[in-house]
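Counting starts at 1 for both ligands and their atoms, following the listed order.
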Amino acid sequence: MMQEPAESVVHGSGFGAGEQAAGKAHPRDLPATDRLLREAAVQQLLADHGHTLVAAEARRLLDDCRQQVLAGQLDLAQAALPALAAQLQARVQQVLRPRMQAVLNLTGTVIHTNLGRSLLAEPALQHMLAMMSGPNNLEYDLGSGGRGDRDSMIEELLCQITGAEAATVVNNNAAAVLLTLAAMARGREVIVSRGELVEIGGAFRMPDVMESAGARLVEVGTTNRTHPQDYERAISGNTALLMKVHTSNYQVQGFTRSVSEAEMAQIAHRHGLPMATDLGSGSLVDLAQYGLPREPLPQEMLVAGCDVVTFSGDKLLGGPQAGLIVGSKEAVGRIRKFPMKRALRMSKLPLAALEATLRLYLQPEHLTRDLPTLRMLTRPVAEIRGLAARLQPLLIEAVAPRFGVEIVELQGQIGSGSLPVDRLPSAGLAMAPLEKKGAGRALDALASALRQLPLPVIGRIADDRLLLDLRCLEQEAAFVSQLPALQEQLA
Ligand SMILES: *Cc1c(COP(=O)(O)O)cnc(C)c1O
């Protein structure tokens, strides 16, 4: 039970006799916590959510009200039991609301790291739900009845798809790179081209990862040009590994020279050394067949002679967060046995999703239908334009009279560091304030209103317009059903 504030506090805060503003609450108008909890409406809250949460929120509410009273800011009606019960209910709902929320990604960036990267395919969702609802054979061999290996199901699929001798998986590609370097080159030297010492974002810088792995970085070449002799000359008795990093998030153009994986593998093998490639996005199918910009495939890296190839699960592959490692039996075996692997291993949750996603690759003809990332990347612009035409009149109604809405051609991108230079022709809707005065503020208000919707809509602001790229809008009905709420928010 909370103490009522002492009279001295009340007097000290400007509530002397006769000083109370008309209609404002006095500290003694506030009920004790117990009294509020006995209120009929609150009894229902207690039944639904239990005493711990409801009582804690009731105390917080009354504390806040007391502060407002002392500041002379609480109306008498707000201090009444029915009003407090309603506020308490709102608070309980607010504290119980999900923090992670579904949103509509209309930014034009298909694989958006801030918005969760790749969306899982329906079979992956189903498999995850089925496997997480009960026990499964995660580390149990159903044939022998003995202990199994959690990576074995993934390994079999990855080897079939990529032609690799061996494969293993970890938490993400950053972990795959770290583990590869630690297992293959701890206390020794790794030779990398200066043009490939990239920062991937989120404080993942190649030189730092190298240091974390306990390997010594030997930089060769220059930012724009690296030659085979640069690697040859850098090899010493301390060299453990030659490494190539796919510079996925930028491009060096003009007077450039880099050494191909095949050339590097030859140099490495001639000196009895292994060669590793960090591919980053690592699409498992040739994107050129869909008219998209080409990304190197892990399959090709293996054919070129790489002993280890690492790539992400939630970029172009279209699966859950994961770091995939494929390569030779010898190299992958060393990586798998390295103790750090235990700390970086995948949980059963994404493993189930990854396994189901990889199974989709056994039927590559259906990928653009079944895999959301590829489905959205290959969505025909004509279809996106059609969607824009259907939505335009509805959106005009929702944002009138302050904003106009036009159908526009847009340039999107794949995202997540993949193919940064190439643009993805798309279409969408551009909203612009009709009044030039205060246009910037009006746009911010519109963007904010879109973000406050039950299913928040994330667009982008460019050239004084709010752009909604519709390439990734597959929930047309959900978008339309929110337009009345948007209209209300703008009113
Ligand atoms: C994205 C990327 C990484 C990091 O992969 P995560 O799965 O996000 O950990 C590492 N290297 C390259 C080249 C990348 O593009």
Side-chain angles (χ1 to χ4, degrees), residues 109-120 154 158 167-182 184-185 190 192-213 215 217 226 241-252 258 260-261 264 275-284 287 293-298 300-301 306 308-327 335 340-341 343-347 349-351 353-354 357-358 373 413-422:
T109 300
V110 177
I111 308 173
H112 200 302
T113 294
N114 303 149
L115 303 179
R117 289 200 183 160
S118 277
L119 311 183
L120 290 180
I154 300 291
L158 266 178
T168 187
V169 283
V170 285
N171 184 51
N172 56 23
N173 188 36
V177 174
L178 177 71
L179 178 63
T180 298
L181 289 169
M184 315 254 322
V190 181
V192 186
S193 161
R194 282 210 170 79
E196 298 169 6
L197 291 175
V198 294
E199 173 179 311
I200 309 298
F204 183 82
R205 289 176 165 189
M206 242 338 137
D208 300 340
V209 177
M210 203 73 76
E211 196 186 314
S212 305
L217 170 67
T226 303
L241 182 71
L242 265 60
M243 174 143 185
K244 190 168 178 71
V245 183
H246 187 60
T247 55
S248 50
N249 55 2
Y250 78 110
Q251 245 179 32
V252 180
S258 66
S260 74
E261 287 80 5
M264 275 181 72
M275 141 86 187
T277 298
D278 174 25
L279 263 193
S281 50
S283 173
L284 289 174
L287 296 180
R294 216 171 173 290
E295 275 276 291
L297 308 179
E300 296 165 346
M301 300 293 107
C306 296
V308 183
V309 183
T310 59
F311 52 102
S312 279
D314 56 357
K315 292 183 181 172
L316 282 167
L317 192 144
Q321 179 184 304
L324 295 89
I325 303 173
V326 296
I335 291 167
M340 191 190 277
K341 163 72 165 62
L344 304 175
R345 77 178 185 189
M346 269 180 91
S347 125
L349 213 144
L351 260 178
L354 181 59
T357 305
L358 288 176
T373 300
Q413 53 187 350
I414 293 178
S416 263
S418 312
L419 318 153
V421 182
D422 299 293

Of all the atoms in ligand 1, which lie at a distance below 4.0 Å from a heavy atom belonging to Ala174? 4 (C), 5 (O), 6 (P), 9 (O)
If we number the atoms of ligand 1 from 1 as shown, the ones under 4.0 Å from a heavy atom of His246 are 13 (C)
Any Arg117 heavy atom less than 4.0 Å from ligand 1: yes
Does at least one non-hydrogen atom of Val177 fall below 4.0 angstrom from an atom of ligand 1? no
The single option from Leu284, Leu297, Leu316 passing side-chain contact (heavy atoms from CB on, under 4.5 Å) against Phe311: Leu284
Does a donor on one side chain and an acceptor on the other come within less than 3.5 Å for Ser118 and Asp314? no
Asp278-ligand 1 polar pair, N/O distance under 3.5 Å: yes
Is the closest N or O pair between Asp314 and ligand 1 shorter than 3.5 Å? no
Proximity of Lys315 to ligand 1 by residue part, where a heavy atom lies under 4.0 Å: side chain
Ion pair Glu300/Arg294, N-O distance below 4.0 Å: yes
Got a donor-acceptor contact below 3.5 angstrom from the Asn172 side chain to the Ala175 backbone? yes
Value for CD (Glu261) from OG1 (Thr277), rounded to nearest 0.5 Å, stands at 5.0 Å
